[in-house]
Amino acid sequence: MDPLSRASLASAVDLSSLRNKPAATGDNAAQSGSTIAVPDVVAVATEENLRSFVAVSNSVPVVIEFHASWSEQSASLKTKLESAVRSISPRLLLVRIDAEANPQLPQVFGVAEIPAVVALIKGQPVPLFNGDQSAEAISAVMNRLIEVATENGLAGTLKVSTETKEAAEPMLPPLHQAAYDAIGSGDYQAAKTFYEKAIAQNPADKLAQAGLAQVGLLIRTQDTDFESVVSSPAVTDEEVLAKADALVAIGHPAAGFATILDAFSASEHKDILRARLLELFEVIGAEDESVINARKRLTMLLF
């Protein structure tokens, strides 16, 4: 099975131990189509600075390589993985973690053997592979990762700048930080309240609008049986909305949008379907191709 086929909110590892610390990120790192300045496309992470790379994964896929000095496979994998990432640059950031020096981190990511490679997409970890691999296999996985990132609305790029410093970037605005911390602790209702307050203070706050939409999806899908919902036919409007949410949550936004649009003409509750569709657009981002295509189809259905 393609390990990236379910890159999603549903397959997330609990990163609350990282997220409940102050997040070192600025506005750029939270926008999926942004350009992020970095010293290099290869970085070293520790328990202290990993949270900043989690934030970067909102714009650019982050590839995490767990290695150890005692592992011969780690040494063999290192060169091939770096070469693959640099060949795709500036679409990927490679982050290396010394499993011996940071023993908590492999546990956080569910890594049981070294070396291991995990991807972060919008803060959600996706296991890629364990052990050494051929250069061809690694390149294939990296290319597939880019495809999945695009499907999940990540259109950001990296810009290597010698002027970039490793110091922490500006903190998030207070209400954004409070919402981020609430999500990390699993209190989605509190996060929703913080984002709503941010929007009340500044109705043009695009980041808060996107955050509110993402939290709404988390709330609606937190108890969802994804396999059952996705595989079942959607007959009622309620089933249509649930299936659309599930598909977007597991990384298939185009299919989720189509689920609503296919039911639109026959529905007696077009306003409800349209409102949910627009909310899901916010989750994925206006620049994503799936959103652009679905918005065009929605316009045709309305007029």
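Throughout, numbering of the chain's residues begins at 1 and tracks the sequence.
Contact record, Phe281 with Arg295: CD1-NH2, 3.3 Å, taken as the closest heavy-atom pair. When all heavy atoms of Asp132 and Pro115 are compared, the pair lying nearest together is N-CG, 4.2 Å. Minimum heavy-atom separation, Val230 to Lys243: O-CE, 3.1 Å. For Val60 against Arg91, the heavy-atom pair with the smallest separation is CG1-O, 3.1 Å. Of all heavy-atom pairs between Gly256 and Ala244, the closest is O-CB, 3.4 Å. Closest heavy-atom contact between Leu301 and Ser265: CD2-OG, 3.6 Å.
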task = Applying salt bridge (Lys or Arg N to Asp or Glu O under 4.0 Å), run through Asp271 and Arg276 and close with a yes or a no.
result = CA-CA 9 Å; Asp271 289 345; Arg276 178 63 58 80; over 6 Å; no

Would you check, one step at a time, whether the test side chain to side chain contact (heavy atoms under 4.5 Å, CB included) holds for Ile97 with His67? CA-CA 6 Å; Ile97 295 178; His67 64 88; 5.6 Å; no

For this session: Would you check, one step at a time, whether the test side chain to side chain contact (heavy atoms under 4.5 Å, CB included) holds for Ile114 with Val111?
Result: CA-CA 8 Å; Ile114 303 296; Val111 170; 4.0 Å; yes

After noting the C-alpha distance and the side-chain angles of Phe257 and Asn293, does the key distance pass the side chain to side chain contact (heavy atoms under 4.5 Å, CB included) rule? CA-CA 9 Å; Phe257 301 156; Asn293 293 335; over 6 Å; no

Evaluate the criterion side chain to side chain contact (heavy atoms under 4.5 Å, CB included) for residue pair Ser57 and Ile121; output intermediate values, then yes/no.
CA-CA 5 Å; Ser57 74; Ile121 298 179; over 6 Å; no

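Remark: the backbone N or O of Ser139 is paired with a side-chain donor or acceptor of Asn143 at under 3.5 angstrom. At least one donor-acceptor pair closer than 3.5 Å links the side chain of Ser231 to the backbone N or O of Glu227. The main-chain N or O of Ala68 is never found under 3.5 Å from a side-chain atom of Ser71 such that the two would form a donor-acceptor pair. Put simply, the side chain of Ser232 gets close to the backbone of Ser228: a donor and an acceptor are under 3.5 Å apart. Checking side-chain atoms of Glu239 against main-chain N and O of Thr236 turns up a donor-acceptor pair under 3.5 Å.
Under a hydrophobic clustering in which Ile, Leu, Val, Met, Phe, Trp and Tyr are joined whenever their side-chain heavy atoms come within less than 4.5 Å, directly or via other members, Phe264 and Leu278 fall into the same cluster. Side-chain heavy atoms closer than 4.5 Å link hydrophobic residues (I, L, V, M, F, W, Y) into clusters, and following such links, possibly through other members, connects Leu261 to Leu302. Note: the hydrophobic cluster containing Ile146 also contains Val56 (ILVMFWY, side chain heavy atoms under 4.5 Å, direct or indirect links). Cluster membership check: Leu105 shares its hydrophobic cluster with Val117, using side-chain heavy-atom separations under 4.5 Å among Ile, Leu, Val, Met, Phe, Trp and Tyr. Under the 4.5 Å side-chain contact rule for hydrophobic residues, Val229 and Leu273 do not share a cluster.
In this structure, the separation between CD on Glu282 and CG on Leu212 is 9.0 Å, given to the nearest 0.5 Å. A distance of 10.0 Å separates OG1 in Thr259 from CG in Leu241, rounded to the nearest 0.5 Å. Here Leu81 contributes atom CG and Gln133 contributes atom CD; the two are 10.5 Å apart, rounded to the nearest 0.5 Å. We find the OG-CG distance between Ser59 and Leu93 to be 11.5 Å, quoted to the nearest 0.5 Å. The structure places CG of Leu120 at 9.5 Å from CG of Asn58, a figure rounded to the nearest 0.5 Å. In this structure, CD on Gln214 lies 12.0 Å from CD1 on Ile219, to the nearest 0.5 angstrom.
For Gln222, the CD atom is densely surrounded, since the number of other residues' heavy atoms within 6.0 Å is greater than 12. Taking a 6.0 Å sphere around NZ of Lys206, one finds it holds 12 or fewer heavy atoms contributed by other residues, nucleotides or ligands. In this structure, Arg274 places its CZ atom where only 12 or fewer heavy-atom neighbours from other residues, nucleotides or ligands lie under 6.0 Å away. By the neighbour-count criterion of 12 heavy atoms within 6.0 Å, atom NZ of Lys192 is sparsely surrounded, having that number or fewer from other residues, nucleotides or ligands.
Between the side chains of Asp181 and Gln177, at least one donor-acceptor pair of N or O atoms lies under 3.5 Å. Using modelled atom types and a 3.5 Å distance limit, the side chains of Ser69 and Glu100 yield a donor-acceptor pair. Side chains of Thr224 and Thr221: a donor-acceptor N/O pair is absent below 3.5 angstrom, by distance only. Asn102 and Thr46 are not linked by any side-chain donor-acceptor pair at a separation below 3.5 angstrom, with hydrogens and angles left out of the test.
Glu65 is not listed as a side-chain neighbour of Val95, based on a closest heavy-atom distance of 4.5 Å or more. For the pair Lys80 and Glu136, the minimum side-chain heavy-atom distance is 4.5 Å or more. Residues Leu77 and Phe129 have side chains in contact (heavy-atom distance under 4.5 Å, counting atoms from C-beta outward). Counting heavy atoms from C-beta outward, Pro253 and Leu247 have side chains that stay 4.5 Å or more apart. For the pair Leu280 and Val291, the minimum side-chain heavy-atom distance is 4.5 Å or more. You'll find the side chain of Asp205 stays beyond 4.5 Å of the side chain of Tyr195, heavy atoms only. At least one side-chain heavy atom of Leu217 sits under 4.5 Å from a side-chain heavy atom of Val248. With a 4.5 Å cut-off on side-chain heavy atoms, Val41 and Leu94 do not count as touching.
Between Lys78 and Glu82, no side-chain nitrogen of the basic residue sits less than 4.0 Å from a carboxylate oxygen of the acidic one, so the salt-bridge criterion is not met.
Test Asp245, Leu298, Leu277 against Ile260 for side-chain contact (heavy atoms from CB on, under 4.5 Å) and you get one pass: Leu277.
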